[in-house]
Number of protein chains: 2
Amino acid sequence: MRTTIKDIAKYTGFSITTISLVLNGKAHKIPKATEEAILQAAKELNYRPNQLAVGLVKKQTKTLGLILSDIRNSFFANMAKSIEDECRRNGWNLILCNTNDLHEREMKYLQMLADKGVDGVLICMARENDSEKVEEMVALMDSLNIPFVLVDRFYPEVKGCSVIVDHDEGGYLAARHLLELGHTRIGCVGGPKDLADSNRRTQGYIRALMEKGVEFDPSLIFYGDYDLSSGVRGAEYLLKKDVTAIFAYNDMSAYGVFHYLKQQGISVPEDISLIGYDDIFFSEILSVPLTSIHQPVEEMGTEAVQQMIRIIRQKQKQDTKKNIMFQPYLVVRQSTAAPAGVMHK
Amino acid sequence: MRTTIKDIAKYTGFSITTISLVLNGKAHKIPKATEEAILQAAKELNYRPNQLAVGLVKKQTKTLGLILSDIRNSFFANMAKSIEDECRRNGWNLILCNTNDLHEREMKYLQMLADKGVDGVLICMARENDSEKVEEMVALMDSLNIPFVLVDRFYPEVKGCSVIVDHDEGGYLAARHLLELGHTRIGCVGGPKDLADSNRRTQGYIRALMEKGVEFDPSLIFYGDYDLSSGVRGAEYLLKKDVTAIFAYNDMSAYGVFHYLKQQGISVPEDISLIGYDDIFFSEILSVPLTSIHQPVEEMGTEAVQQMIRIIRQKQKQDTKKNIMFQPYLVVRQSTAAPAGVMHK
DNA sequence: CTGTTAGCGCATTCAT
DNA sequence: ATGAATGCGCTAACAG
């Protein structure tokens, strides 16, 4: 059996109270001798407080929950790593929850986490969520009285803390890069039609077009779902539209685009330029290293945990809305170039 | 505040015991009417047991720990996903711990997890561990009285449960494939020199050589560390040895090999054949899809959790040694072919 | 059939 | 300065 505080009491002859005071660094009025005897005994008996008991009385478990769709997704894995790192540095543990983008599972996990007394939850919300479902989640967390930080997704209607990337800027950077290379017919392989962070990329894209005086053609936006196959379908669709460049809203779908183009004997960037979004590790080592928009994932994870800690500390006003917005940046590699017949300025 | 069992007692007028019995499905001798009244009240008050309290008395937290080096590693991410999936199916939660391959961190996490009362720990041991450190860990887990399952690494000296892949077979399959294509000078980009699962691949490789009557040349084994750059270095080294094929002990280092070869103007598989190991997702979508040895990661994760559950159930004899060994298989893609000037049989 | 009682391991208030 | 008592929320042995 593990040694308990009681064992130390028996062993040293002091009362449980005294032991507890000493062990919690509150031994202001306790003789040095007593203190040292207790510390000594604790070490000898290899005492470690049972965190279940501590949590029960302190109402703090030093455990956070992380809810995301699928840890195999490289973006989430990076996020999880930096989140867990920051947790460790601050003495927290992390419970990992994969929802497979299922709203129902998010709700279940939320309940489980609350039952286990986690101090807070970091959430990368499921794609499936419409604003009704989001509100349902927020309502649940409120009723469960559990602090949360929204990561990577922003919902204007939710008050609370979110850590996000400025996707408008990301879309703008991607489009501007292509425009500056001389492209004017730029197709997009987007995310789901009503997904906010996908639409925000589109807005940035349009902003860049307008800045250069290029008219926006809505038919150049293909709505996909961020995965490889949607890139393939998107490329197939956009080829018929005579685009000279394709902006994929994440790297995975960019791979799909690339795959399809190659299969059609179309080369990147000679025939068509391709830019991705996320800048995940593999983009760097592809046969044609992918130009991409980099999201500062590590920093975001760290910041999310720090916000969480802040909220937990000042337990009161978690209803103040606070958005931490990170700026993406362009990483130029070899998948983008001037369109055929156009010299780079 | 959350409603407690006490609230239900007050609300219904029954005693706490009765409530507890009903809520735990032990209401064998309790009138249907009482039972339903209580169930009804529980629902109305939205009651959920505080798992901290339950854990404290039952000594079961329905939480497992997962210790691995880095979740960003695609192999571990896949493993973690299937482990967490199986946990969820069985009502368990998972605490994720990244050690960055640091033994010291493994030890710290082990302590934290024990303090939180996890029911068991799944461990992908750090590469850094020599047998002394492994024993130190096992000793700690024993003294902490915490069940464990070793995943992906096997230590003959450790009694307990492990879930592993037959890397001897994997090495054999890889080498045989290349031999059958007509290669005889096959270089290897291995893992660290004293890492068991790397050496086991080598043994399988040698076994295949012997079977075909090809002499083993130790200088054809390059010892790396499983990452991209070690693939680059390995390729550089092996090129001087006039190999016609390279067997990289994991896909990541295969990418490094590929990268270097391409840079040198050497094409795969025309000039040199390349085979990897792990068969991670990206290998399929590379410019030259990589032939690789597939490890059944999902099945392994699932099995690891099931073994864990089994051990937890029969709390007694966790000292019986048990190895679950999975068989890898060959996935032929386009990075392997007959050597120049040799026809495929 | 149901309530009383006694912990699980710890923190904390109130006496002494 | 230190100990006794109480409670966190729950389960379970034991009465009755």
Side-chain angles (χ1 to χ4, degrees), chain A residues 1-39 41-42 45-63 111-112 114-119 144-145, chain B residues 1-39 41-42 45-63 111-112 114-119 144-145:
Chain A
M1 279 304 296
R2 275 174 81 98
T3 56
T4 74
I5 209 171
K6 215 180 272 180
D7 296 325
I8 301 189
K10 229 173 277 171
Y11 187 81
T12 59
F14 294 105
S15 85
I16 290 185
T17 312
T18 311
I19 313 292
S20 177
L21 285 175
V22 170
L23 262 27
N24 289 301
K26 297 179 182 168
H28 307 302
K29 320 182 173 176
I30 290 178
K32 263 276 178 265
T34 305
E35 182 174 354
E36 292 191 348
I38 292 175
L39 255 22
L45 299 180
N46 194 22
Y47 170 77
R48 310 211 96 227
N50 177 327
Q51 293 306 132
L52 281 183
V54 174
L56 191 56
V57 49
K58 279 211 198 159
K59 273 124 180 45
Q60 254 240 30
T61 54
K62 283 289 193 172
T63 304
Q111 272 290 2
M112 292 185 73
D115 293 349
K116 297 212 168 159
V118 296
D119 300 328
L144 257 24
N145 199 28
Chain B
M1 279 304 294
R2 275 174 83 98
T3 55
T4 74
I5 209 172
K6 216 179 270 181
D7 297 325
I8 302 189
K10 228 172 278 170
Y11 187 81
T12 61
F14 294 104
S15 86
I16 290 185
T17 312
T18 310
I19 313 292
S20 177
L21 285 175
V22 170
L23 261 27
N24 289 302
K26 297 179 183 171
H28 306 301
K29 321 181 171 177
I30 290 178
K32 264 274 178 266
T34 304
E35 183 175 352
E36 293 191 348
I38 290 175
L39 255 23
L45 300 180
N46 194 22
Y47 171 77
R48 309 213 97 224
N50 177 327
Q51 293 305 134
L52 281 184
V54 174
L56 191 56
V57 48
K58 281 212 196 157
K59 273 124 182 45
Q60 254 242 28
T61 53
K62 284 289 193 172
T63 304
Q111 272 290 2
M112 291 184 74
D115 293 348
K116 297 211 168 160
V118 296
D119 301 328
L144 256 26
N145 200 26

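Small disclaimer: the values here were computed from a predicted structure and weren't measured. Proteins get letters first, then strands, A, B, ... in listed order; numbering begins at 1 in each.
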### Query
Taking C-beta and beyond as the side chain, do A:Lys62 and A:Gln51 meet within less than 4.5 Å on heavy atoms?
no
### Summary
B:Asp115 CG to C:dG9 C1', in whole Å, measures 13 Å
### Query
Just checking, is any N or O donor in the side chain of B:Lys116 or A:Thr63 under 3.5 Å from an acceptor N or O on the other one?
yes
### Query
Do any side-chain nitrogens or oxygens of B:Ser20 fall under 4.0 Å of OP1 or OP2 in D:dC10?
no
### Task
May I have the distance from B:Lys6 (atom NZ) to C:dG3 (atom P), rounded to whole angstrom?
16 Å
### Query
Got B:Leu23 and B:Leu39 here, is their nearest side-chain heavy-atom distance under 4.5 Å?
yes
### Atom-to-atom span, NZ of B:Lys32 to P of C:dT2 - whole angstrom
12 Å
### Task
Please state whether the base of D:dA4 and the side chain of A:Thr17 form at least one donor-acceptor pair under 3.5 Å?
yes
#### Entry: Any A:Ser15 side-chain N or O less than 4.0 Å from OP1/OP2 of D:dT2
no
### Query
Rounded to the Å, how far apart are A:Gln60 CD and C:dC10 P?
17 Å
### Message
Is the phosphate of D:dG9 approached by B:Thr4 (side-chain N or O, under 4.0 Å from OP1 or OP2)?
### Response
no
### Message
Quick check for you: to the nearest 0.5 Å, what is the distance between A:Asp115 atom CG and A:Leu144 atom CG?
### Response
7.5 Å
### Task
Grab the CG-P distance between A:Asp7 and C:dC8 for me, whole Å please.
10 Å
### Short side-chain N/O contact to C:dG9 OP1/OP2 from B:Lys59, under 4.0 Å
yes
### Task
Decide yes or no for A:Leu52 and A:Leu56: does some side-chain heavy atom of the first lie under 4.5 Å from some side-chain heavy atom of the second?
no
#### Entry: OP1 or OP2 of C:dA11 under 4.0 Å from side-chain N/O of A:Lys26
no
### Summary
Residue pair B:Ile16/B:Ala53 against DNA chain C: nearer the 5' end by closest nucleotide is B:Ile16
#### Entry: D:dA12 OP1/OP2 closer than 4.0 Å to side-chain N/O of B:Lys58
no
### Task
On DNA chain D, check which nucleotide each of A:Thr18 and B:Leu52 is closest to and give me the residue with the more 5' one.
A:Thr18
### Note, B:Asn50 side chain near B:Thr4 side chain (heavy atom, < 4.5 Å)
no
### Message
In whole Å, I'd like the distance from the CG atom of B:Leu23 to the P atom of C:dT2.
### Response
15 Å
### Query
In whole angstroms, how far is the C1' atom of C:dA11 from the CG atom of A:Leu21?
9 Å
#### Entry: A:Asn24 side chain near C:dA11 phosphate (N/O to OP1/OP2, under 4.0 Å)
yes
### Query
What about B:Thr34, does its side chain sit under 3.5 Å from the base of C:dT2 through a donor-acceptor pair?
no
### Task
Using the closest heavy atom to pick a nucleotide of DNA chain C for each, name whichever of B:Leu56 or B:Ile30 lands nearer the 5' end.
B:Ile30
#### Entry: Sugar-phosphate only, base, or nothing, as touched by A:Val54 at under 4.0 Å among non-hydrogen atoms
sugar-phosphate
### Summary
Atom CD1 of A:Ile5 and atom C1' of C:dT12 are separated, to the nearest Å, by 11 Å
